[in-house]
Amino acid sequence: MLTVLAFIVTILVIVAFHEWGHFLAMRAFGVRVLTFSVGFGPRLCRFTDRRGTDWVISAIPLGGFVRPLDRRDGEIPDDATLEEEFSGKPAWQRVIVYAAGPIFNFILAFLIYWLLMMTAGERGYAPVVGNPTADSPAAAAGFEPGDRMLSIGGREVQTWQDVMGRLVLYLGDAEPVPVQVRDSQGQERTRQLDISAWSQDPEQSPLPVLGLSPAVVIGEIAENSGAQRSGVRSGDQVLTTDGQPVPGWSAWRQKLQESPGQALPATVLRDGREHSLTLHPEPVTVEDRVVGQLGVLPGGIVEQRYNPLSALDAAGGRLAEQAGVVWASIAKLFTGHLPLDSLGGPVTIAQVAGQSAEVGILSFLMLLAYLSITLGIINLLPVPMLDGGWILFGIIEMIRGRSLPERFLTTAQGVGLTLVMSFMLLAIYNDLVRQFS
């Protein structure tokens, strides 16, 4: 139920904001708007405002539209004037109307990022590398425990989220990606990371595919805890426990929970040197079950707070970064560097929306902003039937000084409709394959 609700809210918000941009631009140029609809199919609710616009919410939440008064759709009603008709407006006004929808998607994403920067700030784990998986691309590149990633392809990274966002930009590239790191000895080095294994299966999370895992770095230590008795210090990076490499916080915490009262030999990285310790997870009763707890919190957390003014710059940076990721992904789809089966449709969107809503409101808002950016960029593609196609035709009309032939526009619209429907059907097909495979 949460998945369905999150999907509906997501589509309603980003589509309504997109169409609102078209609507306001039309009204600004004196165009009569006949219908503002969110969704398609049977109408669930409707009302008409004082200026004759029908506001509609329909049953199928897979899009929306704004329908202006247009003489190409039929005769002009007796109560309307030619000044209220859309197709007779100057080309530059029509270009602005078409561009307003995607622009409003970017505005929505910016406002969400601004709100999040002011309230929650930015928080994440520093990209310190744990134990690289044996025989993995990370191991082949020479990554070592304690490597702190500084940049990827010359672009600075501060958190693991930044790392994954940067790696997306290189999906499908044949050449290894240069990763600048500071090793545990404090020396800066460059690791050449081959991401071809992830390019072949981009639906997977990049870190396990490439053999990378976030380091288990100790943060705050509780007083009189098992960690203090074990000699653990803040800043230690846990490498092994009970003779096994530590793959990450979740697995390490589970190992401790399964070992109440036991003595576990461990190896930690401290100031660039390995030290042997014995961990003593203390027995604690949690929900009628005895588990082991060491009394430590994760370390290596990067946190940044913003005031309303500085949040503007941070929100703009995040918008530009995510737009670059979306654009790079779309470009790689069209150039063949990404397989077409990575394209997702409404089922994928619904699942991701539901998962983000389960995590919390902040995660859901981040997804909402990302999808709004995606919708804006897709609509700017120069394909007839999309806003970008009509923007292109409007610009050509301004250069020519006269309208494009009606026959050409009709043919282009048919071609564009075929392309758009083909990609929609492919996305739905991919969704079904994922569900039943």
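Atom set for the values below is all heavy atoms of this structure, side chains included, hydrogens, waters and symmetry mates excluded.
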Between W114 (side chain only) and P308 (backbone N and O only), is there a donor and an acceptor less than 3.5 Å apart? yes

Above 12 or not: heavy atoms from other molecules or residues under 6.0 Å from CZ of R27? yes

Tell me whether H22 contacts the main-chain N or O of V97 through its side chain, where contact means a donor paired with an acceptor under 3.5 Å. yes

Listed by chain and number, what are the side chain to side chain contact (heavy atoms under 4.5 Å, CB included) partners of R270, not counting sequence neighbours? R233, D236, V268, H275, L277

Compute whether any side-chain donor of one residue and acceptor of the other, for T267 and E274, lie under 3.5 angstrom apart. no

In this structure, is the centre-to-centre distance between the rings of W20 and F17 below 6.0 Å? yes

From CD1 (I152) to CE (M164), nearest 0.5 Å: 10.0 Å

Does the side chain of T411 come within less than 4.5 Å of F408's, by heavy atoms? no

Is any side-chain heavy atom of M149 closer than 4.5 Å to a side-chain heavy atom of Q180? no

Would you list the atom pairs, donor with acceptor, under 3.5 Å between side chains in residues 367-386 and any protein atom, with sequence neighbours excluded?
from, atom 1, to, atom 2, distance (Å)
S372, OG, N105, O, 2.8
S372, OG, N105, ND2, 3.2
T374, OG1, Y370, O, 2.9
N379, ND2, L375, O, 3.0

Rounded at 0.5 Å granularity, tell me how far CD1 in I221 sits from CG in L297. 9.5 Å

Between P208 and S205, which heavy-atom pair has the shortest distance, and what is it? CD-O, 3.4 Å

Below 3.5 Å, can you tabulate the donor-acceptor pairs from side chains in residues 138-147 to any protein atom, sequence neighbours excluded?
from, atom 1, to, atom 2, distance (Å)
D147, OD1, R191, NH2, 3.3
D147, OD2, E144, N, 3.0
D147, OD2, R191, NE, 3.1
D147, OD2, R191, NH2, 3.0

Starting at OG of S259, measure out to CG of D242 and round the result to the nearest 0.5 Å. 6.5 Å

Take W160 and L207, measure what side-chain contact (heavy atoms from CB on, under 4.5 Å) needs, and give me the verdict at the end. CA-CA 10 Å; W160 280 106; L207 299 186; 3.8 Å; yes

Qualifying residues under side-chain hydrogen bond (donor to acceptor under 3.5 Å, both in side chains), relative to E258, sequence neighbours excluded: Q254

Atom CZ of R273 with >12 non-hydrogen neighbours under 6.0 angstrom: no

Side chains of D162 and E321, heavy atoms from C-beta outward: is any pair under 4.5 Å? yes

Which residues pass the side chain to side chain contact (heavy atoms under 4.5 Å, CB included) test with P68, sequence neighbours left out? M26, V31, F86

For residues 120-133, which side-chain donor-acceptor pairs fall under 3.5 Å, sequence neighbours excluded?
from, atom 1, to, atom 2, distance (Å)
E122, OE1, Y306, OH, 2.4
E122, OE2, R318, NH2, 2.5
R123, NH1, E303, OE1, 3.3
N131, ND2, L239, O, 2.8
N131, ND2, V246, O, 3.2

Does L264 reach the side chain of L256, with side-chain heavy atoms less than 4.5 Å apart? yes

Distance check, rounded to the nearest 0.5 Å: L108 atom CG versus I14 atom CD1? 8.5 Å

Ignoring hydrogens and geometry, is there a side-chain-to-backbone donor-acceptor pair from T285 to D288 under 3.5 Å? no

From CA spacing to verdict: side-chain contact (heavy atoms from CB on, under 4.5 Å), R94, K89: CA-CA 7 Å; R94 284 183 276 119; K89 292 294 181 181; 4.3 Å; yes

How would you list, by chain and number, every residue that makes a side chain to side chain contact (heavy atoms under 4.5 Å, CB included) with L169, sequence neighbours excluded? R155, V325, A328

Would you check, one step at a time, whether the test side-chain contact (heavy atoms from CB on, under 4.5 Å) holds for V15 with H18? CA-CA 5 Å; V15 169; H18 179 96; 5.5 Å; no

Validation row: M366, L116 side chains within 4.5 angstrom (heavy atoms): yes

Verify side-chain contact (heavy atoms from CB on, under 4.5 Å) between L193 and L212, making sure each step is shown before the conclusion. CA-CA 11 Å; L193 180 62; L212 290 168; 4.2 Å; yes

Output for pair (I103 CD1, D387 CG), nearest 0.5 Å, gives 10.0 Å

Rounded distance (nearest 0.5 Å) linking atom CD1 of I391 with atom OH of Y98: 9.5 Å

Considering all heavy atoms, the nearest E282-S225 contact: OE2-C, 3.7 Å

Does anything in residues 171-202 pair up under ring-ring contact (aromatic ring centres under 6.0 Å, His included), and if so which pairs, sequence neighbours excluded? none

Side chain D173, main chain E175, donor-acceptor under 3.5 Å: no

Looking only at heavy atoms, the pair that brings T190 and P178 closest together is CG2-CB, 4.1 Å

Taking every non-hydrogen atom, the tightest pair across G295 and A227: O-CB, 4.4 Å

Any side-chain donor paired with an acceptor under 3.5 Å for N307 and S310? yes

Do any N or O atoms from the side chain of S230 and from the backbone of H280 form a donor-acceptor pair under 3.5 angstrom? yes

Does R166 reach the main-chain N or O of E156 with its side chain, forming a donor-acceptor pair under 3.5 Å? yes

Would the distance check show the side chain of S234 and the main-chain N or O of E220 forming a donor-acceptor pair, the cut-off being under 3.5 Å? no

Among residues at least two apart in sequence or on other chains, which ones pass side chain to side chain contact (heavy atoms under 4.5 Å, CB included) with T119? L115

All heavy atoms of S37 vs all of S58, minimum pair found to be OG-OG, 3.7 Å

With sequence neighbours excluded, tell me which residues meet ring pair (Phe, Tyr, Trp, His ring centres under 6.0 Å) with F65. none

How far apart are the closest heavy atoms of G154 and S151, and which atoms are they? C-CB, 4.1 Å

Please list all pairs passing the ring-ring contact (aromatic ring centres under 6.0 Å, His included) test where one or both residues lie in residues 217-257, with sequence neighbours left out. W249-W252

For W55, look at atom CH2 and say whether over 12 heavy atoms of other residues, nucleotides or ligands are found less than 6.0 Å away. yes

Using salt bridge (Lys or Arg N to Asp or Glu O under 4.0 Å) as the criterion, list what pairs up with E19, not counting sequence neighbours. none

Does the side chain of M421 reach to within under 4.5 Å of the side chain of L417, using non-hydrogen atoms? yes

Side-chain touch I11/V13, heavy atoms, less than 4.5 angstrom: no

Would you check if L365 and Y113 make a side-chain contact, meaning some heavy-atom pair closer than 4.5 Å? no

